Asker: 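I'd like to ask you about the structure that follows.
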Amino acid sequence: MYSEKVMDHFMNPRNVGELDTANAVAEVGNPVCGDVMKMYLEIKDGRIRDIRFKTFGCGAAIATSSMVTEMVKGKTIDEALAITNRAVAEALGGLPGNKLHCSNLAADAVHKAIHEYLLKLKEEEKQAV
Amino acid sequence: MRKIYLDNAATTRVRPEVAEVMMTHLVEKYGNPSSVHSFGREARVAVEEARGQVAALIGAKPEEIIFTSGGTEADNLALKGVARANRSKGNHIITTRIEHHAILHTAEALEKEGLEVTYLPVDQYGLVDPEEVRRSIKASTILISVMAANNEVGTVQPIREIGVIAREKGVYFHTDAVQAVGNIPIDVNADHIDLLSLSGHKIYGPKGVGVLYIRRGTRIQPIVHGGAHERNKRAGTENVPGIVGLSKAAELARIELKEHMDYLKGLRDRLISGLLSIEDVQLNGHPERRLPGNVNVSVRYVEGEAMLLSLDLKGIAASSGSACTSGSLEPSHVLLAMGIPHEVAHGSLRFSLGKFNTQEDVDYVLEVLPEIVQRLRSMSPFAAAR
Ligand code: FES
């Protein structure tokens, strides 16, 4: 039921783990089936220098986590924000219909981490003024 | 690659003896049992012999055996047939929260027809309390339906105690014995059962055939209308190859029951103790009142589907009560009814052993699973604190 690409990312996930140098971290939970995905980003000069993930979920959830880290690594914040859930699923060669919500989790987690990072940045700027 | 089938609660491999008799009735003795000619007569003889074999397995009389298309139809016939035939007596049915969907969804459909249904809770082991059954009986109660053994966690219910209460109160007692028959002793008289569902493909017989045992004198209406087959209780030309296959499977199950139980228990206990030696693994279901072939554990911090995929890549077939494996994306209703938290239900794994499994199969699982668990835990945010 999963594409070869999904199975590859599931069995050999890229960028799995935690990141000591992370300055943007976000966790998202899936209300549909109760899974959890955590993203660790190191952002420098508006670019994602490094990224790691940890996921509790099905094969699709692990594969989309892995895929999204590959897609956004080295990208600018804006480029990363433009990557949709759909793009992640497509990059994996598609997902079974009932697993599409799992791909929501991956891009959402990255976006959430970026948004929190930007918010923090703004606060810091405010304080500096 | 080595392939190991540990999903015998889902379905079983047809025994060669069964396949052989079925073949005869597909290509040689293919008559319609309702026909008067010799082809029809030999098919009729086979069907009636099968009735006798199935009856013998559960201590019933042959005329109390009604062949159906499977366990699901048997459950539908039991509930709908009894409910509709006994409306003048009452409209209340008692069942449990851990029944198979064939019962639960039928009960829900009956609620839409105006029936009242009580869904009894279970304890942490998945056990129904017979006293709770007694307390739920009202003047309008017409039927109690409690499964003999649960398909997911293997808990064996106190059906005899429940049967005694039902008999005493004059309420019909149905049991879904799809998982129990052929795996534990069942006797419709000793257990005071009025209706019992069983299925061919769970006892090394074919798919597409099952039975509803209906105690003589039970008021019931057909749900499939047509010809006068099966004593007017189930219309449709008999699935003769399926029925003779089920017959053979039932005969062998009866003869081998004791030996079969001992064999499976040995494998089961070896697998359970091996699994429990992995850190943060718990047994789901009852430690003793358990089907001989059922193993159900929860592995903390990891999700079931991910484990199933990994096991499958190693050639091992199992199942899980995780939300991610169900079409509805809801975790197992059985595990939730037992009070098991969502995240623990998520990491559940069921291995159901069968007569074709060996000790080597069990040892192979115990060899590969720890690595799988370790790999998935290393990716899990929940295990991070460890
Ligand atoms: S994470 Fe539950 S279905 Fe994918």
Side-chain angles (χ1 to χ4, degrees), chain A residues 1-20 22 25-40 52-69 95-106 109 112-113, chain B residues 1 7 280-281 298-333 335-336 340-349 368-369 371-386:
Chain A
M1 80 176 179
Y2 287 135
S3 69
E4 246 171 67
K5 197 106 191 249
V6 172
M7 286 310 287
D8 176 37
H9 276 265
F10 169 64
M11 284 312 287
N12 311 295
R14 334 291 200 248
N15 306 307
V16 64
E18 288 167 32
L19 194 60
D20 291 340
V25 179
E27 185 177 297
V28 293
N30 185 337
V32 185
C33 59
D35 299 307
V36 175
M37 207 175 268
K38 202 163 175 183
M39 287 283 168
Y40 304 80
R52 295 281 188 282
F53 81 89
K54 282 215 155 179
T55 291
F56 169 79
C58 72
I62 290 170
T64 52
S65 307
S66 163
M67 187 75 237
V68 86
T69 61
L95 284 172
N98 64 337
K99 294 283 178 182
L100 282 170
H101 67 272
C102 310
S103 70
N104 279 341
L105 218 50
K112 189 173 170 194
Chain B
M1 184 180 56
D7 203 10
D280 288 318
V281 171
S298 275
V299 181
R300 298 297 302 270
Y301 317 120
V302 287
E303 187 281 322
E305 194 227 57
M307 284 189 281
L308 290 186
L309 281 177
S310 311
L311 285 166
D312 190 40
L313 287 168
K314 296 274 185 192
I316 299 169
S319 84
S320 167
S322 163
C324 303
T325 59
S326 77
S328 62
L329 294 173
E330 284 282 328
S332 148
H333 66 285
L335 297 175
L336 295 186
I340 291 176
H342 273 243
E343 63 282 10
V344 180
H346 237 50
S348 71
L349 266 188
V368 304
L369 188 66
E371 294 163 29
I372 291 172
V373 169
Q374 202 200 354
R375 187 181 92 85
L376 293 171
R377 277 184 179 161
S378 73
M379 288 189 229
S380 167
F382 295 151
R386 306 188 48 79

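These numbers were taken from a predicted model, which means no experiment stands behind them. Residue numbering restarts at 1 for every chain, and letters A, B, ... go by the order of the sequence lines.
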Asker: Only heavy atoms, only distances under 4.5 angstrom. Which residues in residues 309-321 of chain B are near chain A?
Answerer: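 At a heavy-atom separation under 4.5 Å, chain A is reached by B:L309, B:S310, B:L313.
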Asker: Any idea which of A:R52, A:M37, A:H101 has the most non-hydrogen atom pairs under 4.5 angstrom with chain B?
Answerer: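 Most pairs with chain B among the choices: A:H101.
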Asker: Which residue out of A:C102, A:G34, A:G57, A:S65 racks up the most heavy-atom pairs below 4.5 Å with chain B?
Answerer: A:G57
Asker: Would you check if the side chain of B:E305 reaches a backbone N or O of A:G59 as a donor-acceptor pair within less than 3.5 Å?
Answerer: yes
Asker: Looking at chain B, which one of A:P13, A:A60, A:C33 has the largest number of heavy-atom pairs inside 4.5 Å, strictly under?
Answerer: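 Between A:P13, A:A60, A:C33, the count favours A:C33.
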Asker: Return yes when atom CD of A:E27 has more than 12 non-hydrogen atoms of other residues, nucleotides or ligands closer than 6.0 Å, and no otherwise.
Answerer: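 Counting other residues, nucleotides and ligands, CD of A:E27 exceeds 12 neighbours.
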Asker: I need the residue from B:S326, B:S328, B:A306, B:G347 with the largest number of non-hydrogen atom pairs under 4.5 Å to chain A.
Answerer: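 Highest number of pairs under 4.5 Å: B:A306.
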Asker: With only heavy atoms counted, which part of A:M11 is less than 4.5 Å from chain B, the side chain, the backbone, both or neither?
Answerer: both
Asker: Tell me whether A:D20 at atom CG has more than 12 heavy atoms from other residues, nucleotides or ligands lying less than 6.0 Å away.
Answerer: no
Asker: Let me confirm one number: the CG-CD distance from A:D35 to B:E303, rounded to the nearest 0.5 Å.
Answerer: 6.0 Å
Asker: Among A:T55, A:N98, A:V16, which residue has the highest count of heavy-atom pairs closer than 4.5 Å to chain B?
Answerer: A:T55
Asker: Given the ring of A:F56, does B:R300 sit roughly above its face, with NZ or CZ under 6.0 Å from the centre of the six-membered ring and within 45° of the axis?
Answerer: no
Asker: Answer with side chain, backbone, both or neither: which region of B:H346 has an atom nearer than 4.5 Å to a non-hydrogen atom of chain A?
Answerer: side chain
Asker: Over all heavy atoms of both residues, which pair between A:C58 and B:C324 is shortest? Give the atoms and the distance, please.
Answerer: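 Smallest interatomic distance, heavy atoms only, reads CB-CB, 3.6 Å.
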Asker: Please report the closest heavy-atom contact between B:P381 and A:K38, naming both atoms and the distance.
Answerer: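 Scanning both residues, the minimum pair turns out to be CB-CB, 4.3 Å.
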